Chemist: 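I am attaching a structure below and will ask some questions about it afterwards.
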Amino acid sequence: MTSSPKFSTRQIRQDFLDFFNSKGHTIVPSAPLVPGNDPTLLFTNSGMVQFKDVFLGAEKRSYVRAADVQRCLRAGGKHNDLDSVGYTARHHTFFEMLGNWSFGDYFKKDAIAWAWELLTEVWKLPKDRLLVTVYHTDDEAFELWNKVIGIPAERIVRIGDNKGAPFASDNFWQMADTGPCGPCTEIFFDHGDHIAGGPPGSPDEDGDRFIEIWNLVFMQFDRQADGSLIPLPAPCVDTGMGLERLTAVLQHVHSNYEIDLFQALIKKASELTGTADLENKSLRVIADHIRACSFLIVDGVLPSNEGRGYVLRRIIRRALRHGWMLGVRQSFFHKMVGTLSDLMGDAYPELPAARDLVERALKAEEERFAETLDAGMRIFDDIAGRSGIVIAGTDAFRLYDTYGFPVDLTADIARERGLSVDMEGFEAAMEEQKRRAREAGKFASSTSLPADLVAQLKPTGFLGYEQLASEGLSVVALLKDGRPVDRVEAGDDAVVLLDRTPFYAESGGQVGDTGRLTGEGSEFVVTDTQKFAGQFHGHVGNVTRGSLKVGDRVSAAIDAERRGATILNHSATHLLHAALREVLGTHVQQKGSLVAPDRLRFDFSHFQAMTADELAEIERRVNTQIRANHQAEVHNMGMQEALDFGAMALFGEKYGEHVRVLRMGETSTELCGGTHVGRTGDIGLFKIVSEGGVSAGVRRIEAVTGQGALNYVDEEEARLDQAAELLGGSAADVVDKIRALLDRQKKLDRELEALKAKAASGATADLAGAAQVVNGVRVLASRLEGFDAKALRDAMDRLKQQLGDAVIVLAGTSDGKAALVAGVNGNAAGKVKAGELLSHIASQIGGKGGGRPDLAQGGGEDGPALVSALKGVHDWVSQRLQ
């Protein structure tokens with residue numbers, strides 16, 4: 001038995017791509033961790049995600065062979081490995097998946113032969129340490145491995161169905177309950193008999209001796225609703241091989257955390273945390289989590305309390321908590337980014353390009369979490385001390401909701417102390433909060449079409465760049481209540497699909513067009529246009545006259561005025577984006593937009609509120625570009641050619657191989673499929689109406705253009721004139737009038753405060769004489785009409801000086817409300833606590849309060865209950881003093 005040479009992670013990644021490039025494969029870049037236009041997934045969790053529409057027949061590519069290295073994340077939703085990360089040899093949040101793909105081209109023979117060639121001839125893995133599995137009825141794959149490759153039959157394991165359920169096997173893959181599916185063959189590496197575990201299919205297969213390194217899926221069937229399998233006309237190949245697992249094998253180590261990439265990250269983490277023991281599991285967690293967090297931020301996710309941002313926050317806080325366990329009390333996690341960029345920046349150039357943004361986002365989250373970690377740990381200690389062996393779900397939810405502790409962090413700490421968490425109770429509390437907040441359905445499925453209908457239709461031809469109205473359009477499909485129908489009648493709400501259309505379907509932030517479809521004796525009012533399956537324009541609306549059936553010819557006319565107002569806002573959004581990057585920095589990335597007829601809304605990454613000067617400069621720059629009257633140049637080109645041309649791709653949008661590039665002047669060049677002005681001067685005027693925060697690290701600007709901007713200016717002038725009239729002057733001297741008014745107000749406020757202080761002094765002089773002596777301590781409880789909290793505190797200070805050993809309660813009343821202040825001074829301090837006294841009174845008047853033993857504040861309702869509560873103070877104090 002010979003040993004294979006040792007390879008670096010960087011070399012293995014490149015070897016894979018070079019090998020399949022030599023076999024005629026197109027090398028495809030990794031898709032982002034956030035799936036483009038796929039709301040059914042939180043994250044890209046496997047290599048096939050970016051090719052999903054290709055396998056479903058909804059998308060065509062220019063190539064039939066592809067290879068890629070896909071970044072993947074499994075830390076949320078159905079695929080969640082977070083709890084195991086750091087405690088096992090092979091679990092990760094972020095991992096890289098090597099994959100080669102055939103879309104109706106080569107099949108089992110070539111896929112198997114190339115896999116064997118790469119593993120044994122390029123990477124020199126010993127053949128006698130490899131074994132394979134096949135689906136139990138896949139005789140073709142068995143024969144290829146045995147007769148062509150030459151693997152002995154005893155090292156080819158047939159894997160059957162689990163518990164007899166048809167096709168329920170580890171070696172039968174399916175995308176969903178119906179649709180493309182097929183058998184797979186898996187390649188395993190034998191780490192040696194010194195490690196426990198048996199071969200796949202054996203009772204002890206879960207051991208660590210035999211490790212799966214490559215899965216070859218052969219999609220050759222279309223599974224029907226009744227469970228039957230129909231052969232696909234063009235079978236496909238989908239393979240996946242985890243880079244970290246493979247690297248461990250090729251570097252002759254057992255754990256993924258022992259490979260060169262992780263060892264470099266662990267070493268950096270040890271330096272930052274001052275931890276000499278490189279085997280410490282917390283260092284593993286930090287090394288794993290920096291990859292997930294960095295690439296999530298690169299792909300546009302920022303920490304928040306919902307959706308993808310919440311998953312990112314969970315991962316960051318888990319890493320920070322492990323740093324906290326190692327004794328780190330200062331920011332450290334963001335300092336890992338530079339090392340990661342050095343290790344992976346050549347494979348993913350977007351990482352070094354976004355390094356500053358990633359570091360700033362992580363540091364901001366570290367500072368935010370530091371404020372709550374100590375307090376949260378104290379609460380956890382209290383909960384754990386009274387919980388027995390199970391922490392209640394409601395307590396776990398309180399830690400999450402109040403102290404920002406992700407539930408997996410609570411579970412992590414609990415596990416270390418021999419406790420568990422009632423996850424069902426936590427989920428119930430979480431669902432209740434979602435119900436109250438009406439936040440259900442964050443990732444609800446978007447508009448979709450039945451798979452069989454998608455296979456029959458051609459993508460909708462879009463005429464709307466040149467035409468606002470078109471004739472002779474064919475109705476190719478109708479949907480009613482989400483289902484295909486042949487005919488719709490007057491009064492029916494429906495979706496109409498045409499072979500061609502001038503209607504723009506909502507995408508890229510631009511709202512869908514509205515208008516009318518008219519046929520012979522029929523009319524359909526379009527209230528919205530949505531994109532189905534990424535390529536079909538669905539005209540949503542109502543049949544107002546006659547009927548429509550599949551095959552009818554119709555004319556289409558969009559609302560031209562509405563479209564015209566929308567394109568002004570859309571083109572202005574591009575100019576705004578460019579201006580923001582010029583003024584604030586290139587860390588600005590689009591996080592969402594809305595382009596409607598009446599306004600534009602633009603969300604972008606930035607870590608602080610914009611100043612008035614910055615907003616003015618942004619507005620000035622956009623209007624400068626408008627006045628320059630640049631031509632809005634449209635170029636259609638290949639994706640790489642567009643990037644070389646200087647085009648910026650907008651985050652979250654899914655682009656094909658051929659893209660549309662919009663250039664306006666020298667500042668704005670972006671990929672965009674929307675509709676736009678002919679020249680920037682058409683926009684007329686750009687006016688920002690608001691700027692504010694959306695979530696941590698995300699700001700929002702709202703603005704208006706064209707007639708909307710002129711209307712806004714007119715309204716502002718009208719308000720200014722009205723203000724001038726109220727001030728008794730003209731618009732020109734409004735500022736001077738307001739300044740004079742404020743100066744006068746300040747003078748009156750000072751005079752009023754002086755009068756209040758004089759009145760309070762007189763009142764407290766009278767009050768001191770009303771104090772009663774109880775067991776050698778003066779006790780005073782009084783109601784003061786019109787006194788606010790500040791006046792009460794001032795009165796309290798004077799009364800303490802006058803009375804010496806005293807217990808004092810003052811209630812200031814106004815408009816049916818009561819402000820309470822309780823104070824304890826001198827010898828009474830050892831037996832009477834102000835906080836307890838105030839809570840006692842507040843509880844009787846529907847209020848609350850608390851504070852220090854010598855001073856407490858609160859409030860409640862004014863009325864008979866307050867009078868009664870104040871009368872009872874003497875008895876309450878007397879009991880305490882006894």
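Worth saying up front: this structure is predicted, and the values here are computed from it rather than measured.
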Chemist: Assess whether salt bridge (charged side-chain N to carboxylate O under 4.0 Å, His left out) is satisfied between Arg852 and Asp854, documenting all intermediate values.
Modeler: CA-CA 5 Å; Arg852 306 190 309 265; Asp854 64 323; 3.0 Å; yes
Chemist: Kindly compute the distance separating CD1 (Ile701) from CG (Leu576), expressed to the nearest 0.5 Å.
Modeler: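 Interatomic distance, Ile701 CD1 to Leu576 CG, rounded to 0.5 Å: 5.0 Å.
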Chemist: Report yes if some heavy atom in the side chain of Val698 is under 4.5 Å from a heavy atom in the side chain of Phe604; otherwise report no.
Modeler: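 No; the side chains remain at least 4.5 Å from each other.
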Chemist: Quick one: which residue pairs count as a ring pair (Phe, Tyr, Trp, His ring centres under 6.0 Å) with a foot in residues 809-865, not counting sequence neighbours?
Modeler: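 Residue pairs passing ring pair (Phe, Tyr, Trp, His ring centres under 6.0 Å), neighbours aside: His840-Trp876.
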Chemist: Could you check whether atom CD of Glu666 has more than 12 heavy atoms from other residues, nucleotides or ligands sitting under 6.0 Å from it?
Modeler: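 Count not over threshold, so no.
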Chemist: Please evaluate residues Leu580 and Met610 with respect to the criterion side chain to side chain contact (heavy atoms under 4.5 Å, CB included), reporting the C-alpha separation (whole Å), side-chain torsions for both, the decisive distance (0.1 Å), and the verdict.
Modeler: CA-CA 10 Å; Leu580 285 166; Met610 293 178 65; 4.1 Å; yes
Chemist: How about CD on Glu582, more than 12 heavy atoms from neighbouring residues, nucleotides or ligands closer than 6.0 Å, or not?
Modeler: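 Yes.
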Chemist: Go through it in stages, so that I can follow the logic: the residues are Gln510 and Thr675, the test is side-chain hydrogen bond (donor to acceptor under 3.5 Å, both in side chains), and I'd like the CA-CA distance, side-chain angles, deciding distance and then a yes or no.
Modeler: CA-CA 9 Å; Gln510 180 174 335; Thr675 57; 2.8 Å; yes
Chemist: Please determine, by modelled atom types, if Asn711 and Gln707 share a side-chain donor-acceptor pair under 3.5 angstrom.
Modeler: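 Asn711 vs Gln707: donor-acceptor pair found between side chains.
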Chemist: For Asn629 and Thr680, does a side-chain donor sit closer than 3.5 Å to a side-chain acceptor?
Modeler: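 Per modelled atom types, Asn629 and Thr680 side chains form no pair under 3.5 Å.
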Chemist: Quick check on the 6.0 Å ring-centre criterion: do His577 and Phe602 meet it?
Modeler: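 Yes, they do, as the ring centres are separated by less than 6.0 Å.
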Chemist: Over 60° means perpendicular and under 30° means parallel, so tell me whether His587 and His606 are parallel, tilted or perpendicular.
Modeler: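 Because their plane-to-plane angle is under 30°, the rings of His587 and His606 count as parallel.
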Chemist: Check the pair Glu365 / Arg317 against salt bridge (charged side-chain N to carboxylate O under 4.0 Å, His left out), numbers first and verdict last.
Modeler: CA-CA 8 Å; Glu365 187 66 12; Arg317 293 190 170 185; 3.2 Å; yes
Chemist: Answer yes or no: is there an ion pair linking Asp862 with Arg783, defined by an N-O contact shorter than 4.0 Å?
Modeler: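 Answer for the salt bridge query: yes.
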Chemist: Above 12 or not: heavy atoms from other molecules or residues under 6.0 Å from CZ of Arg719?
Modeler: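 Correct, the count exceeds 12.
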Chemist: Count the heavy atoms belonging to other residues, nucleotides or ligands that lie under 6.0 Å from CD of Glu751, then report whether that count exceeds 12.
Modeler: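 Buried by this count: over 12 neighbours within 6.0 Å.
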Chemist: Regarding Ser571 and His676, do their side chains bring together a donor and an acceptor under 3.5 Å, going by distance alone?
Modeler: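 Yes.
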Chemist: Between Asp749 and Lys746, is there a salt bridge with N-O shorter than 4.0 Å?
Modeler: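 Answer for the salt bridge query: no.
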Chemist: Output yes when Glu359 and Lys363 qualify as a salt bridge under the 4.0 Å nitrogen-oxygen rule, no when they do not.
Modeler: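 Salt bridge: no.
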Chemist: Any chance you could measure Lys687, atom NZ, to Leu710, atom CG, to the nearest 0.5 Å?
Modeler: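 Nearest 0.5 Å value for the NZ-CG distance: 11.5 Å.
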Chemist: Step by step, would you call Asp797 with Gln801 a side-chain hydrogen bond (donor to acceptor under 3.5 Å, both in side chains)?
Modeler: CA-CA 7 Å; Asp797 290 340; Gln801 293 176 5; over 6 Å; no
Chemist: Tell me if the CZ atom of Arg621 is crowded by more than 12 foreign heavy atoms within 6.0 Å.
Modeler: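 Counting other residues, nucleotides and ligands, CZ of Arg621 exceeds 12 neighbours.
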Chemist: With a 4.5 Å limit on heavy-atom distance, are the side chains of Asp528 and Glu506 in contact?
Modeler: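 Result yes, sub-4.5 Å side-chain heavy-atom pair found.
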Chemist: Walk me through it: do His874 and Val779 pass the test side chain to side chain contact (heavy atoms under 4.5 Å, CB included)?
Modeler: CA-CA 7 Å; His874 294 82; Val779 179; 3.7 Å; yes
Chemist: Once you round to the nearest 0.5 Å, how far does CZ of Arg750 lie from CG of Leu748?
Modeler: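 Reported value, rounded in 0.5 Å steps: 9.0 Å.
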Chemist: Under a 4.0 Å threshold between the charged nitrogen and the carboxylate oxygen, would Asp794 count as salt-bridged to Lys790?
Modeler: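 A salt bridge is present here (some side-chain N lies under 4.0 Å from a carboxylate O).
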Chemist: Does a salt bridge link Glu691 with Arg699, judged by any charged N lying under 4.0 Å from a carboxylate O?
Modeler: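 Salt bridge flag = yes for Arg699 with Glu691.
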Chemist: Where do Arg663 and Gln631 land on the side-chain hydrogen bond (donor to acceptor under 3.5 Å, both in side chains) test, with the steps shown first?
Modeler: CA-CA 8 Å; Arg663 168 174 281 182; Gln631 180 181 354; over 6 Å; no
Chemist: Test Arg620 against Thr624 for side chain to side chain contact (heavy atoms under 4.5 Å, CB included), laying out the working first.
Modeler: CA-CA 6 Å; Arg620 186 192 69 77; Thr624 296; 3.8 Å; yes
Chemist: Any donor-acceptor pair under 3.5 Å linking the side chain of Arg581 with the backbone of Val588?
Modeler: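 A pair under 3.5 Å: yes.
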Chemist: Answer whether the closest heavy-atom distance between the side chains of Leu727 and Ile738 falls below 4.5 Å.
Modeler: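 Side-chain contact under 4.5 Å: yes.
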Chemist: Side chains of Phe686 and Leu575: does their closest heavy-atom pair fall under 4.5 Å?
Modeler: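 SC-SC contact between Phe686 and Leu575 ruled out.
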Chemist: Taking the side chain as every heavy atom from C-beta outward, state whether Leu362 and Cys293 have any atom pair closer than 4.5 Å.
Modeler: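 They are in contact (side-chain heavy atoms under 4.5 Å apart), so the answer is yes.
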Chemist: For Asp613 and Glu617: C-alpha separation, side-chain torsions, deciding distance, then whether side chain to side chain contact (heavy atoms under 4.5 Å, CB included) applies.
Modeler: CA-CA 6 Å; Asp613 288 344; Glu617 179 62 15; over 6 Å; no
Chemist: Asp875 vs Gln879, test: side-chain hydrogen bond (donor to acceptor under 3.5 Å, both in side chains). Steps then yes/no.
Modeler: CA-CA 6 Å; Asp875 291 340; Gln879 292 176 9; over 6 Å; no
Chemist: For the residue pair Glu785 / Thr813, report whether a side-chain donor-acceptor contact shorter than 3.5 Å exists.
Modeler: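 Thr813 vs Glu785: donor-acceptor pair found between side chains.
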